[in-house]
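The structure appears below as structure tokens.
The analysis underlying the following values was restricted to heavy atoms, covering all of them including side chains, and did not include hydrogens, waters or symmetry mates. It should be emphasised that the depicted structure is a prediction, and the values quoted were computed from it without experimental measurement.
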There are 2 protein chains.
Amino acid sequence: MSRTGRRPGAPETSEAILRAARRAFGDRGYEAATFRSIAEDAGVDPALLVHYFGSKEELFAAALNWPVHPVDIFGGLETSNTTEMAEMIVRRYLSMLDQPQVRDAILAMVRSAVSNERAARMLREFVTEEILAILGRITSASDSELRASMVASQLVGIAMLRHVVRLQALVEATTDEIAVLVAPAIAGYLR
Amino acid sequence: MSRTGRRPGAPETSEAILRAARRAFGDRGYEAATFRSIAEDAGVDPALLVHYFGSKEELFAAALNWPVHPVDIFGGLETSNTTEMAEMIVRRYLSMLDQPQVRDAILAMVRSAVSNERAARMLREFVTEEILAILGRITSASDSELRASMVASQLVGIAMLRHVVRLQALVEATTDEIAVLVAPAIAGYLR
């Protein structure tokens with residue numbers, strides 16, 4: 001295994017643990033998702049979680065990091081103009097949210113962050129280091145970090161209302177319908 | 001009784017109504033919880049609910065200890081143009097989030113909604129009937145409900161990243177700095 005912080009072992013076991021962890025963090029939040037309950041869901045001994053991931057915080061990070069790479073949403077856009085960039089960001093993000101595995105990870109992050117300061121800090125560091133850093137290179141304004149944060153806030157708000165609160169209009173809207181409305185807003189932030 | 005918007009009366013009666021309302025909204029959701037059924041549960045005449053709380057919206061707000069009335073953010077805007085409207089919505093919303101009591105209530109609602117399907121349903125129905133209804137009157141587009149949902153998603157995202165995740169740039173930004181960036185995005189949704 002090449003992944004930083006992950007100890008060597010049978011890939012299928014660690015994948016099963018990660019899947020169970022994503023579900024557990026997503027359904028119950030960081031605090032309530034115990035090693036024991038995740039191990040039970042994954043059908044493994046709790047000691048294996050320690051063996052593979054060390055701590056709950058590391059398991060959380062691994063569970064969340066694994067399927068979502070910010071560069072998949074925000075990378076390789078520097079050559080486009082602002083309008084094209086905005087539309088690509090929105091479309092890539094929405095198509096990621098349509099994949100249950102990725103959606104689970106994002107919702108796990110959000111659910112955990114609202115109920116636990118440690119998870120909020122991890123999400124904050126993740127967004128700041130991974131997402132704002134990329135977006136900050138796209139916009140050259142002096143308030144680029146605030147502008148990048150506004151992009152993130154619009155994307156997080158869509159995930160919240162489409163997949164957690166499930167506002168009917170947002171649930172029923174297609175990716176195209178949402179992208180057409182949101183892209184100009186995102187473009188405004190990136191300008 | 002010192003509580004704003006609550007009319008004087010026997011405290012035990014209004015407490016009984018609030019308990020019944022919390023149960024009713026929680027169990028059946030905002031829409032199905034009628035004044036009549038709540039009055040029945042509380043063992044009082046429906047007229048007393050009107051006497052104490054005025055409207056279902058105010059009863060819901062009181063039951064949740066919810067100090068925000070959508071009309072305070074979204075009301076009385078119909079006479080402005082779209083740009084002015086958007087700026088007023090953002091400024092009113094941000095100044096509400098700056099009041100600890102209001103912020104706590106909003107975050108409590110978000111926290112409940114992300115971890116509890118019943119709370120998510122209550123929030124969904126509340127947003128749909130009270131907020132989207134007002135915003136739907138502002139925009140005349142055929143996709144007005146989706147547009148109103150996009151406004152809500154941007155506002156929810158700001159609360160999440162400014163007050164829960166606490167992204168540094170958003171925490172440090174003034175109301176003015178945020179309003180200047182967000183108002184054009186909101187105006188785009190309302191057009």
Side-chain angles (χ1 to χ4, degrees), chain A residues 26-29 32 107 109-115 117 119-128 131-132 136 143-162 164-173 177-178 180-189 191, chain B residues 107-117 119-128 131-132 136 141 143-174 177-178 180-189 191:
Chain A
D27 291 345
R28 304 194 287 278
L107 297 184
M109 228 191 271
V110 171
R111 286 202 162 95
S112 299
V114 298
S115 59
E117 169 47 30
R121 197 186 64 219
M122 288 170 61
L123 180 53
R124 178 165 64 246
E125 290 172 2
F126 179 71
V127 171
T128 305
I131 300 179
L132 300 193
D143 56 351
S144 64
E145 196 179 331
L146 180 58
R147 286 169 171 274
S149 302
M150 292 310 314
V151 173
S153 76
Q154 176 58 92
L155 299 181
V156 164
I158 290 171
M160 279 290 295
L161 295 193
R162 192 173 203 205
V164 177
V165 178
R166 292 198 296 286
L167 289 184
Q168 199 183 356
L170 262 175
V171 171
E172 292 175 354
E177 288 165 339
I178 297 175
V180 164
L181 279 176
V182 181
I186 303 287
Y189 295 140
R191 212 151 263 143
Chain B
L107 296 185
M109 197 66 221
V110 171
R111 288 197 164 95
S112 305
V114 298
S115 59
N116 179 279
E117 168 48 28
R121 200 182 62 214
M122 286 168 63
L123 180 55
R124 177 165 68 245
E125 292 178 1
F126 181 70
V127 170
T128 303
I131 300 179
L132 300 193
D143 56 351
S144 64
E145 196 178 330
L146 180 58
R147 287 170 171 273
S149 303
M150 292 309 313
V151 173
S153 76
Q154 176 57 93
L155 299 180
V156 164
I158 291 172
M160 280 290 296
L161 294 194
R162 189 172 205 206
H163 297 292
V164 177
V165 178
R166 291 197 296 287
L167 289 184
Q168 199 183 357
L170 262 176
V171 171
E172 291 175 355
T174 63
E177 288 165 339
I178 297 174
V180 164
L181 279 176
V182 181
I186 303 287
Y189 295 141
R191 214 152 263 144

Side chain, backbone, both or neither: which part of B:M150 has an atom under 4.5 Å from a heavy atom of chain A? both
Give me the atom names and distance for the closest heavy-atom approach of B:L161 to A:S149. CD1-O, 3.9 Å
Rounded distance (nearest 0.5 Å) linking atom CD of B:E125 with atom CG of A:L167: 11.0 Å
What verdict does the side chain to side chain contact (heavy atoms under 4.5 Å, CB included) test give for A:D143 and B:L181, after you've listed the backbone C-alpha separation in whole Å, the side-chain angles of each residue and the deciding distance to 0.1 Å? CA-CA 10 Å; A:D143 56 351; B:L181 279 176; 4.3 Å; yes
So with a 6.0 Å cut-off around CD of B:Q168, is the heavy-atom count from everything else above 12? no
Among B:V182, B:L155, B:T128, B:I178, residue most engaged with chain A (heavy-atom pairs, under 4.5 Å): B:V182
Kindly determine whether B:M160 and A:S153 satisfy side chain to side chain contact (heavy atoms under 4.5 Å, CB included), including the steps that lead there. CA-CA 7 Å; B:M160 280 290 296; A:S153 76; over 6 Å; no
